[in-house]
Each structure stands twice: as C-alpha cells, then as structure tokens.
Amino acid sequence: MTKPENVAPEHFIRQIIKQDLASGKHQGRVATRFPPEPNGYLHIGHAKSICLNFGLAQEFSGTCNLRFDDTNPEKENQEYIDSIERDVRWLGFSWSGDVRHASDYFLQLYEYAVELIRQGKAYVDHLNAEQMREYRGTLTEAGRNSPFRDRGVEENLALFEQMRAGAFDDGECVLRAKIDMSSPNINMRDPVIYRIRKVDHHQTGNEWQIYPMYDYTHCISDALEEITHSICTLEFEDHRPLYDWVLDQLPVPCHPQQIEFSRLNLNYTVTSKRKLKQLVDEGHVNGWDDPRMPTIAGMRRRGYTPSALRQFCEMIGVTKSPGVVDVGMLEFAIRDDLDRNAPRAMCVLRPLRVVLENYPESSSEELWLSAHPKDESLGKRRLVFERELFIDQSDFMENPPSDFKRLTVGGEVRLRGGYIIKCERVIKDGQGVPIELRCSYDPETLGKNPVGRKVKGVIHWASANHSLKVQVRLYNRLFNHTSPDSGEDGKHFLEHINPESLVVLEGCVAEPGLVQASDALAYQFEREGYFVLDAKDSSSDALVFNRTVELRDSWAKVQK
RNA sequence: UGGGCUGUCGCCAAGCGGUAAGGCACUGGAUUUUGAUUCCAGCAUUCCCAGGUUCGAAUCCUGGCAGCCCAGCCA
C-alpha cells in the first residue's frame with residue numbers, strides 16, 4: 001500500500017516553494033519558466049525540466065512561461081523552435097500567455113547595458129579572444145585587468161553605441177561587466193556581456209549587430225517576466241553570483257531566485273545536444289525523430305506516451321546529487337502505462353507455416369477476442385481461424401529443453417483464443433530448417449480445456465489467408481555501453497553504437513483488425529511487446545510498426 | 001594545488017537529533033488461454049571514512065577521502 005506522500009515526494013525545490021509561500025516571499029506567487037535554446041530537439045533530459053517547471057506551476061496554481069533563450073543566432077533556427085513548441089504541448093503542458101523569446105527583450109537589455117556603463121560597471125574591451133583568455137588567469141591564478149578596463153564612461157558609451165551601429169567587425173571588441181578579475185569564481189572575472197555578430201537573427205532579422213550573452217540575458221529576462229523561481233541545472237551553480245550581481249545593479253522589477261538541480265543522466269544513452277546532432281548529421285540515425293533517439297520526437301515516434309514520460313520524471317525525483325538513472329526505469333514506466341491502455345493484437349514476427357490436417361479444407365470460422373484482458377471497455381476484435389496458419393518460429397522446437405512450454409513434435413499447445421493443436425510432423429528444407437508443421441487440432445477445445453490432460457503453453461498465431469503482411473521494426477538500445485560518452489575505455493561514443501539497434505522484419509503476419517491502427521495508439525502484440533504504427537513510413541497498403549518496448553520475458557532470462 | 005557542488009541498498013530516492021520510507025532491478029511462491037499483467041513474500045543492524053558532542057547521530061561538530069562542474073566573444 002503506497003501512502004499518498006510517497007506518490008509525490010517532497011523534493012527540495014517543492015520545499016523551497018512551500019516555505020516561500022508560507023513566508024509570503026513573492027506575495028504568494030509561483031512563476032517558473034522553461035527556457036530552451038532553439039539549437040536542437042528536446043530530449044528526455046528536457047522532459048525532466050519541463051515536468052518540473054510546468055508541474056510546479058500547476059501544483060501551486062502558478063504560471064510557467066515558455067521562453068526561447070535565443071541569444072546565439074548562429075546556432076538557432078525556426079525548425080527547432082517549432083519542434084520544441086510541439087514537444088512541450090505533446091507532453092501535455094501549456095505555457096502561460098504567448099511564447100516568449102529573450103530576443104523580445106533585446107532593446108531593454110541594451111538600455112540596461114547602457115545603464116551599467118553609466119554606473120561605471122561595464123566597459124568596452126578591445127582585447128581579442130586569445131588575449132582575453134590570457135588575462136583571465138587560470139583556476140588557481142588570479143586574472144589581470146584589461147588595459148581597456150578603466151576607460152571613461154563617455155568613451156564606453158560612445159564605443160558601445162558604435163558597436164551597435166556596426167562600426168566594428170565581429171570579434172573586434174566586446175562589452176564586459178566590471179566585477180573582479182581576481183575572483184576565485186571565474187565567471188566573475190569581468191564576463192563578456194555583449195559581442196558583435198553580424199548575422200541575421202531568426203526573430204529580429206538584421207535589427208541587431210550585437211547580441212547579449214546568456215549570463216547577462218537570462219537573469220534579466222527572468223526578472224522582466226517576474227519569475228519567482230528560476231530553476232536550472234547544476235552547471236549553472238557557479239553562475240548564480242553573476243545572476244545575482246547583474247540584477248543587483250539594475251532597476252529590474254524583481255529578483256528571482258535561481259535554484260539548481262541535477263540534470264538527468266540515463267545509462268546506455270547520450271543526452272548532449274552536440275552528440276545527438278552529430279548522430280543526425282552523420283546519418284547514424286534517420287533524423288532527430290528516429291525512434292532510437294532519446295529525443296521527445298523520437299520517443300513519440302517510438303510509441304512512448306506523454307503520461308509514461310511524466311510518470312518517469314516523477315519516479316526519478318529531483319535532487320542535486322549527480323546520479324545515473326537506469327533506462328530500465330523508463331522502460332518500466334512505458335510498460336506500466338501501455339499494459340493498462342494498449343489494445344491487444346497478434347502479429348507473427350517470424351512466420352512458420354502450420355497446416356491443420358484435420359481441419360476442413362475450404363472452411364473457416366470467426367473468433368472474437370477481447371481487446372484487453374482486464375478492460376472490457378476496449379471492446380472485441382475479430383479473427384479468422386482456418387486450416388493454414390502461421391506461428392512464430394521461436395514457438396516450435398524439435399529438441400526442446402524440459403521446461404519448454406511451446407510446440408514440439410508430438411506435443412500440444414493452445415493457439416491463443418482458438419484451439420489446442422498437436423504437431424504431427426515437421427517438414428524441413430535442405431538445410432534441416434523447419435519450413436512447415438503438419439498438425440491436428442482438437443475441435444473440443446475452443447473456449448475450454450480438454451479433460452484428462454493439461455496443456456500449459458499458449459502461443460500467438462495468424463491465419464494464412466485473413467491476415468495482413470506488415471513490416472516490423474525492432475528497436476533496441478542505440479548504444480551497447482552503459483556510459484557511451486564517458487570515454488573511459490578510450491573509445492569514442494560512436495564506437496559504442498549497437499549494430500542491432502534497428503532490426504527490420506519484412507513479411508510479418510498481423511491480425512486483420514490492425515488495418516485500423518493509427519500512430520497515436522500503441523498496441524500490445526501479445527507475447528512480443530508494444531508496437532505503434534510508424535508516423536512517417538507507414539501507408540495504408542504497406543503498414544510499418546515500430547516496437548516501443550518488449551514485454552518482460554522471464555523465459556529469455558532462464559534460457560541464458 | 002582556486003572556487004562551487006555531491007556522497008543513504010546494484011540504480012533512483014525519502015529522511016531535517018528519537019532508533020533506515022518508497023520505486024526500479026533482483027530472488028522465491030500463488031493465480032493466469034500473453035513464460036505478460038496481478039498478487040504475496042524476501043531484499044541496508046546501517047547511511048563515504050575517522051574522530052567528537054549527546055541518554056540517543058544518516059541527521060550536529062572536526063578532520064579526511066571520493067566523484068562532478070568551472071579558465072567560450074556557447075547556453
């Protein structure tokens with residue numbers, strides 16, 4: 001019996017919000033935001049952040065904005081923006097008001113920068129990138145002041161205005177905050193806050209020649225949106241003093257609290273936009289929405305459901321400890337959802353012909369099975385039983401182990417929803433591979449067990465003349481190493497790609513009702529796993545199914 | 001050898017000075033026309049280590065150790 005408090009654990013961010021609510025810190029408001037950079041597709045790690053930010057807003061009757069952190073036009077584009085909006089909506093969340101962009105605030109950001117200069121807290125620096133690195137010092141040595149650090153306010157104002165007007169080339173100079181070149185926190189050593197980039201921006205076109213940096217932009221954007229809790233991942237912890245410094249210098253409407261949590265790490269997968277992009281660009285997978293990708297688009301196409309993803313995010317918790325979650329937990333979440341909700345169907349993946357010698361030649365009969373063993377509301381499905389059928393090759397063995405419950409020569413097995421059959425003899429090809437089974441059926445066993453003997457095995461089947469020929473794509477994990485990008489064995493992550501991550505099966509035989517399948521509803525192919533129609537490559541005359549996840553298989557386990 | 005952060009079962013994770021929740025995985029066993037599901041049972045005398053405070057410490061103190069992040073005009 002799970003207690004209610006175990007359903008939604010009190011993670012530390014929830015606790016902070018409850019305390020703030022109790023103390024009236026933000027006048028009882030909770031405002032969060034999800035701030036992706038549109039430079040790639042969202043992945044499972046983003047799903048955690050989305051569930052956290054939108055979930056908290058829901059839970060505390062607050063708001064959550066969707067804001068594109070679009071300060072680097074060279075890497076961003078509209079395709080990514082569109083995909084991100086779609087993915088957030090698909091996960092089941094709606095943002096407050098319109099979509100925001102950091103670029104909406106470029107003018108305000110510029111004016112604040114002028115204000116910083118007026119206060120003598122920012123200056124235009126002509127050091128080039130290499131010089132700046134040199135002046136910055138190292139982790140253990142303090143940096144040195146730039147020779148341009150003490151320019152007068154008027155000169156800085158004029159120079160910054162010229163930067164904006166395009167008087168300088170890319171890289172010629174930058175605007176820096178004047179903080180402390182000897183700070184032990186490198187982020188505080190006069191960070192660059194504006195750089196020159198003479199490129200068009202996907203939102204603002206050619207309006208700007210200078211673009212603000214993340215550290216400067218993010219905190220101000222949060223403040224302008226009156227965010228109360230600015231939740232981000234651990235690597236920004238060192239940036240918090242800068243976040244606070246910027247807001248402390250400026251007349252912003254409020255000062256949000258930055259809170260950091262540990263990003264999601266999943267074993268057997270990579271979640272780095274750079275590496276995911278590489279997999280796509282180099283053709284190791286077929287696009288960002290390849291079902292093997294840990295992207296939200298990929299998982300959607302694979303058959304994962306929004307509620308399974310949300311449940312998973314709730315299961316893994318929110319902490320600051322850097323852990324690695326077992327993909328098995330993700331698989332549990334999707335099985336748990338689909339077991340309850342997926343209609344059942346039969347599909348023979350690797351067909352082996354069965355002829356029932358005592359079944360009337362040109363006869364057949366209709367069989368009605370329930371679509372779900374525990375949920376009658378999902379209705380019934382129609383199957384046709386006839387003389388020639390297919391069963392899966394793995395359900396027949398000539399020399400079986402003693403605990404084999406399926407079909408053997410002289411043995412009996414139940415055809416799911418149909419009759420018990422007995423294998424009389426096996427016909428093999430030149431290589432000794434079984435190509436057909438000659439069997440008999442027991443007409444007294446439809447819907448009831450025979451008297452006097454026990455038949456334990458139940459296998460799935462498809463009729464030879466009343467079925468669909470379909471393609472099935474079996475997906476396995478993309479990498480066969482627990483931590484593909486760790487580099488611990490001296491190998492590049494691409495070397496860990498699983499050569500069997502995609503196995504395409506042609507000529508699978510599926511029950512006829514599957515013509516109605518849609519890419520929005522996953523099925524359980526009984527005894528095999530969960531499958532969904534491929535959203536891209538399937539057509540009405542050539543159905544393609546993707547395997548979402550296998551069923552648990554304790555038989556496969558004992559065989560090892 | 002600078003700064004920041006983290007160490008509770010194989011994995012995730014509660015715990016906030018009163019005597020180690022829960023989930024995943026795993027192992028039994030029951031039910032089953034899916035070797036699935038469901039059910040029931042088992043699974044940390046101990047919380048990175050060592051000292052200390054206390055009647056009492058995973059929780060407080062001191063000192064170690066280990067891991068992660070930071071030297072982009074990326075986010």
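Basis for what follows: all heavy atoms, side chains included, without hydrogens, waters or symmetry-related copies. In what follows, chains carry the letters A, B, and so on, assigned in the order in which the sequence lines appear, proteins first and then strands, with residues in each chain numbered from 1.
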Query raised in the report: In the 5'-to-3' direction, what one-character label does each nucleotide of nucleotides 31-36 of chain B receive under the scheme B = base within less than 4.0 Å of a protein heavy atom, S = sugar-phosphate only, - = no such atom?
Result: --BBBS

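Nucleic acid contact class of M329(A) (heavy atoms, under 4.0 Å, all strands): base. V174(A) comes within 4.0 angstrom of a base, heavy atoms only. V318(A) comes within contact range of the sugar-phosphate backbone alone, with a heavy-atom separation under 4.0 Å but no base atom that close. Within the 4.0 angstrom heavy-atom criterion, no nucleotide atom of any strand lies near V455(A). M346(A) comes within 4.0 angstrom of nothing in the nucleic acid, heavy atoms only. Within 4.0 Å (heavy atoms only), S262(A) reaches no atom of the nucleic acid at all. When heavy atoms are screened at a 4.0 angstrom cut-off, H218(A) is found touching no nucleic acid atom at all.
For D238(A) and G3(B), a side-chain-to-base donor-acceptor distance below 3.5 Å is present, hydrogens and geometry of angles not being considered. In this model, no side-chain donor or acceptor of E235(A) finds a partner on the base of C68(B) within 3.5 Å.
Salt bridge status for D485(A) with R274(A): absent, with no side-chain N to carboxylate O gap under 4.0 Å.
The phosphate of G15(B) (OP1 or OP2) has a side-chain N or O of Q15(A) nearer than 4.0 angstrom.
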